[in-house]
Undergrad: 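Below is the structure I would like to discuss, written out as structure tokens.
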Amino acid sequence: MDGERPRGDDGARAFEFAVRALARKERTLAEMRALLEGRGFEPEHVEGTIARLVEIGELDDERFAERFAEDKRELRGWGPERIRAALAERGVPEDAIERAVAGQGHAEQTERAARLLRERGQPLTDDRARSRALEFLARRGYDYEVAYAAIRLAERRAA
């Protein structure tokens, strides 16, 4: 058999590879598919591995989106638009993205954005500073309505 593995082992190898990859980092279905395809596994082994991982609950786009959104909100201060874009880049289905970002209302987003401005430590004393703050919050994924409200809140608290 000159060094080749029997074809029957390919499905098991794909599954073992995927489990090891998930032990290092949670992934979306699309990311796992790309990883397995990139390693040269045959399409039937890729799809079989993904189906098996979904069935046993090890691969779940809904769970990934919820955890990702929560982490980015809490640890990075990201707003819904930036979270939405990052999840879409990772191949998460639109309905799962919407559920993951829907948990934060206007008041919570405004409070989080105002806290980011406070932590940033730059006073909002003139139009130029407020404009920079607005751009900062927009880059973080907050819509302009939330960003304006956060700037006003941060100004009131600083006074």
Undergrad: To the nearest 0.5 Å, tell me how far Leu22 CG sits from Met32 CE.
TA: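 With rounding to 0.5 Å, CG (Leu22) is 3.5 Å from CE (Met32).
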Undergrad: For the pair Arg157 and Glu111, find out whether any cationic side-chain nitrogen is under 4.0 Å from an anionic carboxylate oxygen.
TA: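 A salt bridge is present here (some side-chain N lies under 4.0 Å from a carboxylate O).
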Undergrad: Taking the basic N atoms (NZ, or NE/NH1/NH2) and the acidic carboxylate oxygens, is any pair closer than 4.0 Å for Lys25 and Glu31?
TA: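 Not counted as a salt bridge, because no side-chain N and carboxylate O are separated by less than 4.0 Å.
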Undergrad: Give a yes or no answer on whether the side chain of Thr28 reaches the backbone of Arg90 with a donor-acceptor pair at less than 3.5 Å.
TA: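 Yes, because the side chain of Thr28 sits within donor-acceptor range (under 3.5 Å) of the backbone of Arg90.
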Undergrad: Going hydrophobic residue to hydrophobic residue with side-chain gaps under 4.5 angstrom, can you get from Val146 over to Ile151?
TA: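 Cluster IDs for Val146 and Ile151 match.
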Undergrad: Are Arg52 and Glu55 ion-paired here, with the side-chain N under 4.0 Å from a carboxylate O?
TA: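 Looking at Glu55 together with Arg52, the answer is no, because their closest N to O distance does not fall below 4.0 Å.
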Undergrad: How about CZ on Arg76, more than 12 heavy atoms from neighbouring residues, nucleotides or ligands closer than 6.0 Å, or not?
TA: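 No, because the 6.0 Å sphere around CZ of Arg76 holds 12 heavy atoms or fewer from other groups.
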Undergrad: Would you say that Val19 contacts Glu58 through its side chain, given a criterion of any heavy-atom pair below 4.5 Å between the two side chains?
TA: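 Not in contact.
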Undergrad: Taking the six-membered ring of Phe136, is NZ or CZ of Arg120 closer than 6.0 Å to its centre and within 45° of its axis?
TA: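 Yes - Arg120 lies over the ring of Phe136, closer than 6.0 Å to its centre and within 45° of its axis.
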Undergrad: Answer yes if Val92 and Ile50 sit in the same cluster of Ile, Leu, Val, Met, Phe, Trp and Tyr residues linked by side chain heavy atoms under 4.5 Å apart, and no otherwise.
TA: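 Cluster IDs for Val92 and Ile50 differ.
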Undergrad: Considering all heavy atoms of both residues, which atom of Arg39 and which atom of Phe17 are nearest to each other, and what is their separation?
TA: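 Heavy atoms of Arg39 and Phe17 come nearest at CG-CZ, 3.4 Å.
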Undergrad: Membership question, hydrophobic clusters at under 4.5 Å side-chain separation (ILVMFWY): are Leu116 and Trp78 in the same one?
TA: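 No; Leu116 is not reachable from Trp78 via cluster members.
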Undergrad: Just verifying a value: how many Å separate Arg33 CZ and Glu47 CD, rounded to the nearest 0.5 Å?
TA: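 Rounded to the nearest 0.5 Å, the CZ-CD separation comes out at 4.0 Å.
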Undergrad: In terms of hydrophobic clustering (I, L, V, M, F, W, Y; side-chain heavy atoms under 4.5 Å; direct or indirect links), are Leu29 and Leu87 co-clustered?
TA: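 Cluster IDs for Leu29 and Leu87 differ.
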Undergrad: What distance do Arg73 atom CZ and Arg112 atom CZ have between them, rounded to the nearest 0.5 Å?
TA: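 It is 6.5 Å, given to the nearest 0.5 Å.
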Undergrad: What's the spacing between Arg140 CZ and Gln109 CD if we round to 0.5 Å?
TA: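 Rounded to the nearest 0.5 Å, the CZ-CD separation comes out at 14.5 Å.
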Undergrad: What closest approach, in Å, do Ala30 and Gly91 show between heavy atoms, and which atom pair accounts for it?
TA: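 That would be CB-CA, 3.8 Å.
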Undergrad: Does Glu66 reach the side chain of Arg63, with side-chain heavy atoms less than 4.5 Å apart?
TA: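 No, their side chains stay 4.5 Å or more apart.
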Undergrad: Please find the pair of heavy atoms, one from Ala100 and one from Ala69, that lie closest to each other, and give the distance.
TA: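 Taking every non-hydrogen atom into account, O-CB, 3.7 Å.
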Undergrad: Quick one: CG on Leu35 to CZ on Phe41, what's the gap to the nearest 0.5 Å?
TA: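 With rounding to 0.5 Å, CG (Leu35) is 9.0 Å from CZ (Phe41).
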Undergrad: To the nearest 0.5 angstrom, please state how far the CG atom of Leu59 sits from the CZ atom of Arg27.
TA: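 It is 10.0 Å, given to the nearest 0.5 Å.
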Undergrad: Do NZ/NE/NH1/NH2 and the carboxylate oxygens of Arg130 and Glu155 come within less than 4.0 Å?
TA: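 Looking at Glu155 together with Arg130, the answer is yes, because their closest N to O distance falls below 4.0 Å.
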Undergrad: Does the side chain of Leu117 come within less than 4.5 Å of Leu137's, by heavy atoms?
TA: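 Touching, per the 4.5 Å side-chain cut-off.
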Undergrad: Mind listing the closest non-hydrogen atom pair of Ala18 and Leu36 along with its distance?
TA: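 Here Ala18 and Leu36 meet closest at CB-CD2, 4.3 Å.
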Undergrad: Between Glu16 (side chain) and Arg13 (backbone), is there a donor-acceptor pair under 3.5 Å?
TA: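 A pair under 3.5 Å: no.
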Undergrad: Please give me the minimum heavy-atom distance between Thr125 and Ala129, naming the atom from each residue.
TA: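 Heavy atoms only, the tightest pair is N-CB, 4.1 Å.
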Undergrad: For the residue pair Ala114 and Leu153, what are the closest heavy atoms and their distance?
TA: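 Of all heavy-atom pairs spanning Ala114 and Leu153, the closest is CB-CD2, 3.7 Å.
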Undergrad: Are side-chain heavy atoms of Phe15 and Leu53 found at a separation under 4.5 Å?
TA: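 The answer is yes; the side chains approach within 4.5 Å.
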Undergrad: Does one hydrophobic cluster hold both Leu75 and Phe68, with members joined at side-chain heavy-atom distances below 4.5 Å?
TA: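 Cluster IDs for Leu75 and Phe68 differ.
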Undergrad: Is any side-chain heavy atom of Arg84 less than 4.5 Å from a side-chain heavy atom of Glu98?
TA: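 SC-SC contact between Arg84 and Glu98 confirmed.
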Undergrad: Do Thr49 side-chain atoms and His45 backbone N/O form a donor-acceptor pair below 3.5 Å?
TA: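 Flag set: sc Thr49 to bb His45 pair under 3.5 Å.
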Undergrad: In terms of the angle between their ring planes, are Tyr144 and Tyr148 parallel, tilted or perpendicular, with boundaries placed at 30° and 60°?
TA: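 Taking Tyr148 first and then Tyr144, their aromatic rings sit tilted (interplane angle of 30° to 60°).
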